[in-house]
Structures are given as structure tokens and as C-alpha cells.
2 protein chains.
Amino acid sequence: MRPMKPATRASTAETPSFQPLYLQIKALLLQSLAAREWSPGGAIPAEHELATRFRVSQGTVRKAIEALAADNLVVRRQGKGTFVATHTEEAQSTFRVLRIRADDGRAEAPASRLLDLRRGKAGGEVARLLELRPGDGVVTIRRVLEWSGRAVVLDEIVLPAVLFRGLTRARIAAYPGSMYGLFETQFGVRMLNAEERLKAVAADAFAARTLGVAAGAPLLAVERVAFTFGGKPVEFRRGLCETAFHHYANAIG
Amino acid sequence: MRPMKPATRASTAETPSFQPLYLQIKALLLQSLAAREWSPGGAIPAEHELATRFRVSQGTVRKAIEALAADNLVVRRQGKGTFVATHTEEAQSTFRVLRIRADDGRAEAPASRLLDLRRGKAGGEVARLLELRPGDGVVTIRRVLEWSGRAVVLDEIVLPAVLFRGLTRARIAAYPGSMYGLFETQFGVRMLNAEERLKAVAADAFAARTLGVAAGAPLLAVERVAFTFGGKPVEFRRGLCETAFHHYANAIG
DNA sequence: CAGTGGTCTAGACCACATC
DNA sequence: ATGTGGTCTAGACCACTGG
């Protein structure tokens, strides 16, 4: 007896003609993750238990979980269990997202200095990227990231207001971890992946003053749209980075 | 009877205390790939055959091959076989390495215009990155990448001379595909992965002239070290990119 | 010790490509 | 029809963790 549909199903146009069982299981687990059925950092049920729950062999559950682990949605730890990935464990997850490094190669985490937070309406470009209607409310945060006391990055972070009700300067200042850790623990918004576009731009007056360079000096502009479950965009970020002693690191594999 | 050593072996200091069988198989396959036992683009033996050859179950061979596929060393094609990955198939492999895109999102491949090729000695910094002795011979190529006739990237490519004997302007001009396709087919040098560092810099006189911007204009500098088997560096590349209508795209997942 | 994930096997069957 | 990779199962055993 099999609760899943038979693997082969009728195809409509460009839908794949068949969905392997392990991907169906993956989709079910994804639903549970999106529904916050298991809390970030917590363990999900053991493979054996999921296998009996879904009436499927352990190997099939295993393949589903491996696919989730490849997407960085869960973390497997031998002998302990499989855990919902979180942005609050500094070492593991932080450097996957933070690509700015000091040229000397030291893996130093920057300090964050909050400049301001204001509420407003989404402009056309940002509205499009965040899939908001023009005029929908947004929260805009500006901050500086400092390495060894040196201001290196000026960040502007734009968030849909509806997802971040009650976000204030004080709450940001009080939170010890990263921005995505705050989003996750305080607002239940989990950043899963992002797309970035990099350009070189000339420093405007404010950026120049903030980063201690001349107006017009070249800065690395990093624009990021971050997504949560279902490919829903939840953050637009624009960082201006002074790259005299720092760089953006990327591995091509 | 098992030709492999038992999985558990004595550990010396920080070596892993045990090596799963499928990783041992992967290492063997890696050796064969590095030795060019199967030519790029060609098929490797079927899973079933490798399984009998190594006296191992097909599932174990399968896991080894999956690991190689995850490293982009081979490409699996259902019903056809598993093939040695190559840089000569334009669509698949090109856009994994080429990160510059037009802002409008069209996936257009650039044209390459060769400026010059000269032979010289490796300087200190390049020698260190390419793991050469200072004074070892290098070949330096300069070229321009053009999108829709517009010069966007000025590339300087530095190669260890010993690996690229006989490389001339004419041979580059005659080759229809990408630089890595040329390296692979003409010199047996396969680029497997790379590390990039991005900065924003001011255009010098030559770059400004070549890219049609003012001297001092901000340009995106992309420095890349590319590696072949065994983590051996085989190319240093520095690209200067004009980002008014183009950008460097990166996915964080 | 028991419980977890990790490896390995042997075999059946499916989907895809080619002849 | 045949050969390829892809899925799924059932069970055994191993390595790691923590009580």
C-alpha cells in the first residue's frame, strides 16, 4: 500500500512527465519546513521515523533529505540527527552569505554600526524587485560594516513593511547576531538564497564621507535580492564597498 | 574478496580516520580522468562495468560518480551514459564561468578581440599565485570582450609558459570557442575550478581608451586564479569591466 | 548502551536513448 | 530489443554521539 501517487503521472505541456518518489517526499518536508513545523536549529524526525510515517524505505527518505541538505535547508550531523538550518550559528552560515573579506585573508567578522531606519513607500525599481505594488510600505535601514574599526561597507537594506512590523532601531541594536539571524528569530523570515549583481560606481558625497574616501572614488556596488520559501523576495540590499584593503570573494566550481 | 583495503585504516594526526569505499572509487576515477584515460566529451565506462571492474556494487560506483558530477568533472545523461565534462559545449559550461551579463538579462555570448600576446618572466605576485619560481616564463595575453560590438571587458591572462608551448596569436585567432576550450583541446589543460577576487578600481589611461570611458572612471576588477587537477594553478586572469550596462552576476544559495 | 546518520549490497524495476 | 542511467527496496553493518 502506497500513500503516494504512482510515480508516473499525466503530463500537461512542459511539466515533467514524472516525479520521483524522493522528490515528492522532499516537497512534503519542504512544506513542513515552510510551515515552521520544526524550529530553526532544532532536529527533524529521524530518517527511520520519517520512512515509516511516509510508508517509504529509509533510502528514499535519505535521498530527499540529502537534496534538502544540498539546498542548505537542513544540516546533517552524524550520530546526532538532521537539523533545520539557521543563520544564528555564526561560523557555518555567515561566510556563505558574507562575501567581503580582508585582503590578508583573515576570516574576521565585521562589526555593524546602525545609521538610521525609516519607513516609506517602495519606489518603482525596488517595488519590482521585491514584487510589491508601488506605494506599498517598506522599511529602509542604513548601516556601516567595519573591519578592525575601519568603515568598509555602507549598506542600504529595504524590507517589505508588512513582514517586519515592529522593527525598530532599538531591536536591531539589541540583537547580537547577523541581520538574517534577526529576521529569522524575531520575524520568522528565513533567508534561503539570494541573487547578486556587482558593479563599480563612483562614490557620492555621503558614501565618500562615511567610508573615508574622496567623492568620485571607485566603490564596489553589490545589489542583492534575497528570497525565502517559494522564491518570495524579502529583502533588497545595496552595499557600497571600499576595496582598497578588502575584496569580494567568489569561488567558481 | 575485496581489492580495496578495509575501509577503516590507521589515522595519522589529522587525516580522516576512515575513507568510505565510494570515495576510494572516486579517487581512482579521478586518477583516470587526470591521466586523460577517457577524452573530454567522451563517455566513461558504464556503471555496471566499473562495478565489476572494481569488484564493488553498482550503488557504490554510482555514489562515486555522483560525487564527480557534483564537482562538474563528469556529466550524466540518462539513457546515454556518463561523459567527461568539457569546456567546448557552449551553453552548458560557458555561463558557469563567465559571470558578466548585460543588465537587460539577455544571455548573450561576447565576442573576443585579441590585442596582443607576449612572453616574459613571472613577477613576484603572479609567480606566487601561479606557484612558479620568480623568473619562470609566462605568456601574457590581452584581449577585449565585446557585447553587441561594445567593448566591456579588458582581460589580461597570464599562463605558465611551460604548459602552453607553441601558443601564438594565430592559434588563438583560429580557435572558434572559449579560451578554456582552447586550453583543453590544444594543450590538454583542463580548467576545473577557480577563485575570484573583485574590487572597484579607477581606469588607467589604456583601459579608459580601450573601453571608451574617461580616465579614472570606476571599473570592476575581477582577478581570477584557475586550477586544474590536484589544485594546480594554471591561469591568472585580471579583467577590467565597464559596468554601465553590464554587471557581474552571482547566486548565493 | 541505544540512537542517529553513513555506507554497502543485491536485486528489481523504470525512464530514456538508440538501433 | 538492448543498454544506459535513475529509482526504490530491504537489510546488514559501520561510525559517531551522548547518556
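Only a predicted model underlies this, so the values are computations on that prediction, with no experimental measurement involved. As a basis for the values below, the full set of heavy atoms in this structure was taken, side chains included, without hydrogen atoms, waters or symmetry mates. Chain identifiers are assigned alphabetically (A, B, ...) following the order of the sequence lines, protein sequences preceding nucleic acid strands; residue numbering begins at 1 within each chain.
Across D/dG5, D/dC8, C/dG5, the shortest atom-to-atom separation from the side chain of B/Arg76 is found for D/dG5. Closest to the A/Leu21 side chain, of the nucleotides D/dC8, C/dG6, D/dG5, is D/dC8. With D/dA15, D/dG6, D/dT7 as the choices, the nucleotide that has an atom nearest any side-chain atom of A/Pro20 turns out to be D/dT7.
For B/Ile172, the side-chain contact (heavy atoms from CB on, under 4.5 Å) test picks out B/Leu114, B/Leu117, B/Ile141, B/Leu167, B/Met179, B/Leu182, with sequence neighbours left out. With sequence neighbours excluded, no residue forms a side-chain contact (heavy atoms from CB on, under 4.5 Å) with A/Ala70. Judged as a side chain to side chain donor-acceptor pair (under 3.5 Å), and not counting sequence neighbours, A/Ser39 has no contacts. The side-chain contact (heavy atoms from CB on, under 4.5 Å) test applied to B/Ala46 returns no partner, not counting sequence neighbours. Taking B/Thr52 as the reference, B/His48 meet the side-chain contact (heavy atoms from CB on, under 4.5 Å) condition, with sequence neighbours excluded. Listed by chain and number, the residues in a ring pair (Phe, Tyr, Trp, His ring centres under 6.0 Å) with B/Phe183 are B/Phe164, B/Tyr180 (sequence neighbours excluded).
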Protein-nucleotides 1-3 of chain C N/O pairs closer than 3.5 Å?
{"unit_1": "C/dG3", "atom_1": "N2", "unit_2": "A/Gly79", "atom_2": "O", "d": "2.8"}

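Applying the side-chain hydrogen bond (donor to acceptor under 3.5 Å, both in side chains) definition to pairs two or more places apart or across chains, those involving residues 62-74 of chain A are A/Lys26-A/Asp71, A/Glu47-A/Arg62.
Atom CD1 in A/Ile25 sits about 13 Å away from atom C1' in D/dT7, given to the nearest Å. Rounded to an integer number of Å, the gap from CD of A/Glu49 to C1' of C/dG5 is 15 Å. Regarding B/Tyr22, its OH atom lies at a distance of 4 Å from the P atom of C/dT7, rounded to whole Å. Distance A/Glu47 CD to D/dT9 P: 14 Å, rounded to the nearest Å. Protein atom CG of A/Leu23 is 14 Å distant from nucleotide atom P of C/dA15, rounded to whole Å. Taking atom CZ of residue A/Phe18 and atom P of nucleotide C/dC13, one finds them 16 Å apart after rounding to whole Å. As rounded to whole Å, 12 Å separates atom P of C/dT7 from atom NZ of B/Lys26. Atom CG in A/Leu50 sits roughly 13 Å away from atom C1' in C/dT4 (whole-Å rounding).
Taking CZ of A/Phe236 as the start and CD of A/Glu223 as the end, the distance is 4.0 Å to the nearest 0.5 Å.
Contact of the B/Arg224 side chain with the B/Glu195 side chain is not registered, since no non-hydrogen atoms from C-beta on lie closer than 4.5 Å.
Of the residues in residues 57-64 of chain B, those lying under 4.0 Å from DNA chain C by heavy-atom distance are B/Ser57, B/Thr60, B/Lys63.
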